[in-house]
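In what follows, chains carry the letters A, B, and so on, assigned in the order in which the sequence lines appear, proteins first and then strands, with residues in each chain numbered from 1. Only heavy atoms go into these numbers, but all of them, side chains included; no hydrogens, no water, no symmetry mates. Bear in mind that the values here come from a model prediction, so they are computed numbers and not experimental data.
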Amino acid sequence: MSAPSLGKDLVGLEPLSAEQIQLILDTAEPFKEVSERAIKKVPALRGKTIVNLFFEASTRTRISFEFAEKRLSADTVNVAAAGSSVSKGETLVDTAKNLEAMRIDMVVIRHSASGAAQFLGQRIRSNVINAGDGKHEHPTQGLLDMLTLRDRFGRIKGLKVAICGDILHSRVARSNIWGLTKLGAEVGVCGPASLLPRHVEDLGVTILPRIEDAIQWADALNVLRLQLERMEAGFLPSLREYNRVFGVTTERLARAPKELLILHPGPMNRGVEIDSDVADGPHSVILPQVTNGVAVRMAVLYLLAGGSPDWAAGADDR
Amino acid sequence: MRPILIRGGRVVDPSRGFDGHADVYLSDGKVAAVGRDLGSPDDALTFDASGRIVSPGFVDLHVHLREPGQEDLETVASGAMAAAAGGFSAVCAMPNTDPVTDNQAAIGFIVSQAQRAGKARVYPIGAISLGQKGQQLAEFGELVGAGAVAVSDDGKPVVSSHLMRTALEYARTFGIPVADHCEDPTLSAGGAMHEGIVSTRLGLKGIPAAAEEIMVARDILLAEHTGGHVHLCHISTRGSVELIRRAKDKALRVTAEACPHHFTLTHERCEGYDTNAKMNPPLREPEDREAIRQALRDGTIDAICTDHAPHHYDAKEREFDEAPNGIIGLETALGLAVTELVESGVLTFCDLVNRMSTMPARIFNLSGGTLAAGAPADVTVTDPKASWVVEPARFYSRSRNTPFGGRRLTGRAELTIVRGQVVYQRER
């Protein structure tokens, strides 16, 4: 096999090459079909033990990983911070080493601290998959967004994708920026200047100051969730004003030069960053994103476990 | 006490503008003579310093010795020994101990622990405010009476401009500087590293350069208003350097210090979430590092200090956000200064001794910093060509938290003499 491998861990899209990202997306294609079957299971990870270590609340990502693991026949354990030894003051490294002492194969980690996944990956032998670390990266979200774009446009290269909202605090934004730019898309970021990180243009993105600019410019909008606590922290005056100035509405989209694809990583604040009729409208791919999330995560788990992309294509026969 | 003769070295004494080959004779705890071919009395301990630099002992204005309260990280004795091994004959200990060094008994404790250790001198710095809480002034008179050489709430910026003003005014009565950790906490809150492209990429909350510069500007304005002496700790940004340069042009009583990590490393060092690159003020950008180097060259920054900050290894073995700030520096400062500043041509060796000995002693009004006859016999002999690799496991400090482990440096202390007694001699 001359195809690239992923290495031990998936901590982000920044360290990956375009070939590695392409490999994951291509490997996800055959896995999409597994979830459409009556019996949604292939034996690819039979006998593998995976721990889902979620230090932050998560519904969609945790369940998506769990489905991906189960559909690959892995044995899974979910650990949430509340009610575990973490709430008794155990450090991250102690928690992980204790889990590993029980002979596990993979850890999927969600943590509020940027760098937590890399920290863990450097200290345990198991494969580590980042399911979101602080404000750093959320690589599988970036990948499922890219898979969804590729499904609709047939390509990534040359697409103009505007990421809209709180870029400063968004790990989804960072993973999308790395993944899309590596595959040749043009990326714009749009949001209030108080929510754009310093020197973000040095990541190779275009700054779009107003949502109208993004709508004029883009082929697709990836609308980020606005965290309500940003108001309390003084980054914004009010949700109402945010919707007035930056909300993605049908009125604004009607003035677009072309029909825009609408993505959102969820969970949505309807009526804040996105209006309901846009979220539920014909150009929204918000639910296909969720469906693709399972396939992308199956691909990542499978490749990190050492699976060959060729086998994935005929996964049901293995 | 046996007299000491240090023979044949290059004597560098910026206090007298002297840089040349000479012998140094120490007797009765004082510098007795500096000159050519001094005869050796029979009872003198004699050291051959050929190829070495003989200078007044180095003085570090900014260390954290963790005693009382965190003796597992460092003690006055272990810190004073690490200092001696790094060529420092004196260090100034910041008051953020537990309990805080904000009263005469606490100051007296540091003084007596330092005397018992008998290594580098340890000068306590008293707190500006009781408990470093930023509200009520500590009793400066009693602190000074017990041995404090300055006051500072280091680690905790003095947020109240009123408190800073009164501290500067009140400190004038006792002729001591007020040392401030310049940081606007409303800008830096939650920050883990410098705000720039690296913090953007790593997704860590940044501390903008302006958080430091706002307080530097305020302190300069208050120094002008009060006539008090403000000493600006661990300067890290080019903006701060510009502000201090303007203040010095106006001959205000403003002095400043900078740390080896700020003239050596940049925020790139935080890549990979290396917690040994986490400190406050944070590692900045290449332009900031260059500004610090030039400021040390032109005297805008008076002194090199370490901000020696011991932490247990497992406190640093954490998520970056959770890890404590700071690194140890006493045993690497001289090597970094020689390697980064002298070898690269920023400073002459005479400039370096000025920044590490003469100026720090002068601005905190300490004895030492000179080899003038009659001065205390605090002397460091440096091998300026020694090439060595930093091995944290061999440090005298009780802690190991340094980003410089494994780094090859040039320049190392060989002999440290305090009060006419050898407190450190490296095996050749």
Side-chain angles (χ1 to χ4, degrees), chain A residues 11-15 55-56 86 89-97 109 111-123 130 132-139 166-175 177-178 181 189 195-205 207 229 233-235, chain B residues 184-213 237-239 266-278 282-288 311-325 401 403:
Chain A
V11 298
L13 299 188
E14 182 182 2
F55 292 91
E56 255 187 2
V86 176
E90 189 173 61
T91 64
L92 174 56
V93 70
D94 283 342
T95 302
K97 285 186 170 166
I109 178 176
H111 198 287
S112 60
S114 298
Q118 182 173 344
F119 175 88
L120 202 60
Q122 288 163 344
R123 284 161 183 80
N130 183 5
D133 63 326
K135 305 184 285 288
H136 176 226
E137 285 221 44
H138 189 353
D166 178 3
I167 313 294
L168 179 62
H169 299 98
S170 176
R171 52 196 174 210
V172 175
R174 284 170 179 75
S175 286
I177 290 170
W178 291 117
T181 53
V189 293
L195 290 174
L196 295 181
R198 197 160 173 82
H199 302 314
V200 67
E201 65 280 7
D202 291 350
L203 300 182
V205 303
I207 293 176
E229 56 264 31
F235 289 97
Chain B
D184 178 340
T186 65
L187 274 177
S188 63
M193 65 173 295
H194 172 66
E195 183 179 316
I197 183 62
V198 181
S199 67
T200 290
R201 285 185 25 232
L202 295 179
L204 292 170
K205 184 159 192 305
I207 301 172
E212 174 175 307
E213 292 153 5
T237 80
R238 56 189 185 276
T266 67
H267 62 160
E268 300 279 346
R269 193 62 174 67
C270 298
E271 295 281 356
Y273 303 94
D274 180 353
T275 55
N276 275 327
K278 184 178 178 185
L283 298 173
R284 304 284 188 181
E285 301 184 12
E287 294 80 3
D288 298 301
H311 290 293
H312 200 259
Y313 78 90
D314 60 8
K316 284 283 195 180
E317 182 75 355
R318 296 295 305 269
E319 302 89 311
F320 200 90
D321 279 331
E322 304 292 325
N325 284 307
N401 52 306

Task: Heavy-atom pair count under 4.5 Å with chain A, highest-scoring of B:T275, B:D314, B:L204 - done: B:L204

Task: A:H111, part contacting chain B, at a heavy-atom distance under 4.5 Å - done: side chain

Open item on the list: Has A:S175 got a side-chain atom pairing as donor or acceptor with A:V172's backbone, closer than 3.5 angstrom?
Closed with: no

Task: Residue part contacting chain A, namely of B:E317, when any heavy atom lies under 4.5 Å - done: both

Open item on the list: Using a 4.5 angstrom heavy-atom cutoff, name the option from A:P197, A:S170, A:A116 with the most pairs to chain B.
Closed with: A:P197

TODO: Please look at A:R171 and chain B and tell me whether the side chain, the backbone, both or neither of the residue comes under 4.5 angstrom of a heavy atom of that chain.
DONE: neither

Open item on the list: Has A:R174 got a side-chain atom pairing as donor or acceptor with A:L168's backbone, closer than 3.5 angstrom?
Closed with: yes

Open item on the list: For B:C270 versus B:F320, what's the shortest heavy-atom pair and its separation?
Closed with: SG-CZ, 4.1 Å

Open item on the list: At a heavy-atom distance under 4.5 Å, which candidate from B:S199, B:G206, B:G272 has the highest pair count against chain A?
Closed with: B:G272

Task: Under 3.5 Å: donor-acceptor pair, side chain of A:N130, backbone of A:A117 - done: no

Task: A:S114 OG to B:K205 NZ distance, which is reported to the nearest 0.5 Å - done: 12.5 Å

Open item on the list: Please classify the contact of A:E137 with chain B as side chain, backbone, both or neither, using a heavy-atom distance under 4.5 Å.
Closed with: neither

Task: Interatomic distance, B:L283 atom CG to B:R269 atom CZ [nearest 0.5 angstrom] - done: 8.5 Å

